[in-house]
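Below: one structure, written as structure tokens.
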Amino acid sequence: MAVGERLELALVRVLVIGSGAREHALLLALRRDPEVEALAIAPGNAGTAAIAEQHDVDITSGEAVAELARQIGADLVVIGPEVPLVLGVADAVREAGIACFGPTKEAARIEGSKAFAKDVMAAAGVRTARSEIVDNPARLDAALDRFGPPGGESAWVVKDDGLAAGKGVVVTTDRDVARAHAASLLEAGHPVLLESFLDGPEVSLFCVVDGETVVPLLAAQDFKRVGNNDTGPNTGGMGAYAPLPWLPSEVVDRIVDEIVKPVAAELVRRGSPFSGLLYTGLAITPQGPAVVEFNCRFGDPETQSVLALLDSPLGQLLRAAATGTLAEVPPLKWRDGAAVTVVLAAENYPSRPRVGDVIVGSEADGVLHAGTARREDGAIVSCGGRVLSVVGTGPDLAAARSAAYALIESIRLPGSHFRTDIGLAAAEGRITL
């Protein structure tokens with residue numbers, strides 16, 4: 001192949017790996033791409049079955065995913081969840097000669113190990129919270145004394161060093177609660193990360209990354225705690241909205257230039273370049289943006305809001321990153337207005353959820369499925385904690401909120417619950433920097 005020449009890969013059949021509302025949103029956005037002719041998903045859910053071929057596969061097995069992609073003739077594989085990425089499934093798909101959107105096992109450590117992420121940030125000169133890893137229960141009390149009240153911090157921040165589906169973090173002013181969470185993690189054999197508390201509004205910024213090329217998407221904000229006004233335990237996410245009317249575009253530029261690009265360059269320097277979606281969770285502190293965490297994939301529920309506003313062809317964007325041609329992609333186009341996502345959760349979530357209940361109203365436009373299945377009699381039933389996401393759009397945030405809540409009120413699931421304040425503070429102008 002001559003210098004400057006590249007292989008033009010067809011984008012006809014796309015295989016999405018996963019079964020959540022994030023993957024449902026990816027399918028809907030991919031379906032709008034004129035170059036995408038066929039969609040498949042594995043394993044999928046009751047909602048994705050209406051728009052894509054469903055296949056059974058062990059998503060943690062690289063060999064199984066690669067074999068499925070070969071069997072169905074996939075031109076591009078898009079891996080949604082973090083677990084297969086951290087286990088190296090994307091590597092196996094690439095080794096089979098199939099384009100894959102998702103980082104290598106080595107690059108996915110940016111989410112799989114918070115200690116690794118901290119090391120990368122330190123080397124890249126990126127602002128983040130002061131932190132300490134505790135892997136021995138005998139060191140726990142002394143470490144707790146170095147973080148949180150009364151040592152000058154406003155709260156203890158205790159995290160599982162590994163993957164925890166968004167539920168491994170406790171932020172508390174109660175030392176006993178912080179210690180109990182840390183002790184339970186250590187007892188389970190999980191190293192604990194203690195951090196200083198970062199004060200300021202939180203932001204989620206998705207960037208499509210190909211080595212040192214970075215293409216930011218819209219900034220969003222998600223809501224991790226289960227109850228209104230950020231009360232109760234952390235969850236995988238109870239809702240999100242985009243864009244952020246209170247976040248100036250120059251702050252987004254700073255995040256890209258001072259955080260995302262240096263981290264991407266550091267991963268290249270280490271010989272493990274990132275290719276896929278790099279999610280940066282941030283706090284906008286008085287000193288500027290600071291990293292709370294990195295994820296190695298599209299975040300849920302922010303994806304549902306961000307992709308609802310994307311006007312550029314998603315399949316072509318993901319293919320460019322997967323084939324090393326992201327720098328050639330034209331500037332992204334976005335629809336005017338705002339999008340709000342609200343998550344409908346099963347009774348008892350985030351503890352063990354009640355499952356098996358019939359859901360009424362789940363097949364309306366704007367409803368994205370996650371923990372759902374279809375019974376033999378055709379009824380759609382719940383089979384997980386976060387059961388559905390609903391997405392409302394409108395000319396502004398207030399209108400998008402109204403649309404989302406009108407839709408979720410039309411759905412019936414016994415014992416279900418949802419937050420009623422997603423995007424409310426921003427719509428009322430109560431978030432300032």
May I ask you to check whether [X] and [Y] show a side-chain donor-acceptor distance below 3.5 Å?
X    : Y    : result
T420 : N228 : yes
E347 : S416 : no
K118 : T128 : yes
T341 : S389 : no
E302 : Y279 : yes

Ignoring hydrogens and angles, tell me if any N or O in the side chain of [X] forms a donor-acceptor pair with the backbone of [Y] under 3.5 Å.
X    : Y    : answer
N229 : T231 : no
D33  : E35  : yes
R297 : L85  : no
S113 : F116 : yes
E23  : G18  : no
R401 : I422 : yes
T372 : N45  : no
H417 : A346 : yes
H24  : H369 : yes
T60  : P84  : no

R225 and M238: CA distance, side-chain angles, deciding distance, side chain to side chain contact (heavy atoms under 4.5 Å, CB included) verdict: CA-CA 7 Å; R225 293 189 182 260; M238 293 298 292; over 6 Å; no

Nearest non-hydrogen partners of V215 and L332, listed with the distance: CG1-CD1, 3.7 Å

L26 and F298: CA distance, side-chain angles, deciding distance, side chain to side chain contact (heavy atoms under 4.5 Å, CB included) verdict: CA-CA 9 Å; L26 284 165; F298 281 101; 3.8 Å; yes

Residues, nucleotides or ligands: over 12 heavy atoms within 6.0 Å of R430 CZ: yes

Geometric class of the Y405/F418 ring pair [parallel <30°, tilted 30-60°, perpendicular >60°]: tilted

